[in-house]
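What follows is a short report on a single structure.
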Amino acid sequence: MTTPVTTTPGTHQGPAPSTGLTPVFVRLKLSLLRNGLRQSSGRRAAYVASAVVALLFAALQLLGLILLRGNEHAATVSVLLVAVLALGWAVMPLFFPSGDETLDPTRLVMLPLRPRPLVRALLVSSLVGIGPLFTLCLALGAVIAVARGGAAVAVGVVAVPLTLLVCVALARAVATANIRLLTSRKGRDLAVLSGLVIAVGAQLVNFGAQRIGSSQEGLGELDPAADVLGWIPPSSALSAVHATGDARYVTAAAQLALSVAALFLLLWAWRRSLTRLMTSPDGSTLAAAEPSRTKNRTTGLAARLPAGRTGPVMERTLRYVWRDPKTKAAWVTSLAIGLIVPVFNALQGTGSVYFACFAAGMLGIQMYNQFGQDTSSFWMVAMTISSTRDAYEELRARALALLVITLPYAALVTVLTTALLGDWRTLAESLGLSFALLGAMLATGAWSSARFPYSIPQQGYKNVAPGQAGLAWISILGGMIAAAVLCAPVIAFTIWLHSAGHSASTWLLLPLGTAYGAAITYAGLRLAAPRVAARLPEILTAVSKG
């Protein structure tokens, strides 16, 4: 192993290239950007398009904030906007660690660089890019919206670059502190959470906008939140501009000092993390496994699963959900949407308890294309299937693994939706409908997996291999239509109970829907098993194309 030639604060090991380091890093950032765009015309077009959209949005935001000047709620909107902007800078390195190659300081550990000049050079080079320009436009617009008087303008001249520096330093400190995690397999899986955060965040913003629009106070409802965030950097720098305009000079000085202190604290934390990162060994120099970390195979998940073929297949399926990035992404998306749709509609007062069935439907989709999730490794599974009985046990175990998650989750969403609506009388029937739909999805998913398998590429962001998009559409869309048809008897019985005035007997739908879902699942597995056993070579060819 080659020891990194680095120094810690307070030590000196010969001359360090501290002078002129910042221009070198700025040129390096520009070179990385230029060389990246030279790789392909598609990448160039995507970068230019994203830059144009981002700058256009920034210009519109700047114009909107300027037009907001003089409005009584200008300070509230500006403070909240800066707070959201800072939050974005803090979380983006976690969700998109590969978005900027210069966020990875481990590339510099072999260079004789001291932390202090390195932090300064990295901070300045981080100001090059679309993100910092976007932030600068929004900070400038926010200051223009709230600045009143010469003193406020003077404070604003300091607040704009201070806000930008705090945001950039925050992103760098977070990225450096978590870089070992972010560059690992588990760390890259953090990007999967971005779908959940974006989905939940969009619904929260939509819900908040509707509440504000329907309220008589309007933006006044946000004043308490803005008052609190006005003391949290970097929003405190903007609040200092507003306080200066109101002649509250002591408050303005305190708020501005908070942002300055936050900047120095972030730079100190960044420098400390950078020093530890560049002087401490990583996992490649440590033992791959220690006796204390050895797992006991007689305990844990494997010990709680059924014996025979069922247990190992269930364990393999559940491990795919936890470890495979694309499988995990699909599950996270389904879990999020399955909860968001019924719950947020219930919170808005426009929902129905039957929306809870959306959770069962979204999770049931995970049964589709079961063998495609195995990709080329399906050949090992195929070698263990020599009869219809083997195929049935394989499909049954996969369905049971999905039920471990989907059954309690569908029940939880249904109970939560019912509680929010306060309509407990419909709980039994909505649970029965959810379980019947879940059973129908498992049945059609098993049959669809055998009849229309397709490959999921392991690399990139595509979920369907080229040339197989038609198979994917037939598999999922056709299966969902078939599941709806299979649920028709239960739905018809529900409608009849209500229309005939037998609402008191709707509790029967819970045992009926549960039994119907179990029977449909069993029938679907039985019908799909012979087809799987007979079409193993075709299935293997189809799922291995990616």
Side-chain angles (χ1 to χ4, degrees), residues 51 53-90 92 123-124 126-172 205 212 218-220 222-267:
V53 171
L55 294 179
L56 180 60
F57 184 72
L60 292 175
Q61 289 287 324
L62 176 61
L63 179 60
L65 288 169
I66 293 175
L67 295 177
L68 196 63
R69 179 179 175 83
N71 187 282
E72 58 178 334
H73 299 298
T76 298
V77 174
S78 300
V79 167
L80 293 176
L81 182 62
V82 172
V84 172
L85 190 65
L87 179 63
W89 275 95
M92 283 305 162
L123 180 63
V124 175
S126 298
L127 298 177
V128 178
I130 300 175
L133 181 58
F134 181 86
T135 303
L136 181 64
C137 291
L138 264 63
L140 180 61
V143 167
I144 294 175
V146 301
R148 297 194 307 272
V153 172
V155 175
V157 172
V158 178
V160 171
L162 183 59
T163 299
L164 176 61
L165 290 175
V166 168
C167 289
V168 174
L170 177 61
R172 280 290 188 173
V205 171
I212 292 172
L219 291 174
L222 299 176
D223 289 341
D227 292 339
V228 174
L229 292 174
W231 289 92
I232 300 176
S235 298
S236 59
L238 184 64
S239 294
V241 179
H242 182 249
T244 303
D246 292 341
R248 294 182 285 120
Y249 300 114
V250 175
T251 301
Q255 291 174 329
L256 194 63
L258 278 175
S259 291
V260 174
L263 176 60
F264 281 100
L265 181 63
L266 288 171
L267 292 176

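The analysis underlying the following values was restricted to heavy atoms, covering all of them including side chains, and did not include hydrogens, waters or symmetry mates.
Using a 4.5 Å heavy-atom cutoff, the side chains of L133 and L55 are in contact. At a threshold of 4.5 Å between non-hydrogen side-chain atoms, the residues L256 and S236 do not count as touching. Side-chain contact between Q61 and C137: absent, with no pair of heavy atoms (C-beta onward) separated by less than 4.5 Å.
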W231 and V79: CA distance, side-chain angles, deciding distance, side-chain contact (heavy atoms from CB on, under 4.5 Å) verdict = CA-CA 10 Å; W231 289 92; V79 167; over 6 Å; no

Could you check V77 against L68 for side-chain contact (heavy atoms from CB on, under 4.5 Å), going step by step and ending with a plain yes or no?
-> CA-CA 9 Å; V77 174; L68 196 63; 3.8 Å; yes

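Checked against L65 for a side-chain contact (heavy atoms from CB on, under 4.5 Å), the options V143, L60, L81, I144 give a single hit: L81. Each of L238, T76, L80, V84 was compared with L229 under the side-chain contact (heavy atoms from CB on, under 4.5 Å) criterion, and only L80 meets it.
What you find for P234 and A86 is that their closest heavy atoms are CD-CB, 3.5 Å. Contact between V82 and A142 at its shortest, heavy atoms only, is CG2-CB, 4.2 Å. The heavy-atom pair separating Q255 from A243 by the smallest distance is OE1-CB, 3.9 Å. The minimum heavy-atom distance between A58 and F134, with the atom names listed, is CB-CD1, 3.4 Å.
With rounding to the nearest 0.5 Å, the separation of CZ in R248 from OG in S239 is 8.5 Å. To the nearest 0.5 Å, atom CG of residue L87 and atom CD1 of residue I232 are 11.0 Å apart. Note that OG of S78 is 11.0 Å distant from CZ of R69, once rounded to the nearest 0.5 Å.
In this structure, T244 contributes its side chain and A152 its backbone to no donor-acceptor pair below 3.5 Å.
Side-chain contact annotation: T135 with W89, donor-acceptor N/O pair under 3.5 Å present.
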Only pairs under 3.5 Å count here: list side-chain donor-acceptor contacts from residues 157-171, not counting sequence neighbours, and write none if there are none.
unit_1: T163; atom_1: OG1; unit_2: A159; atom_2: O; d: 2.8

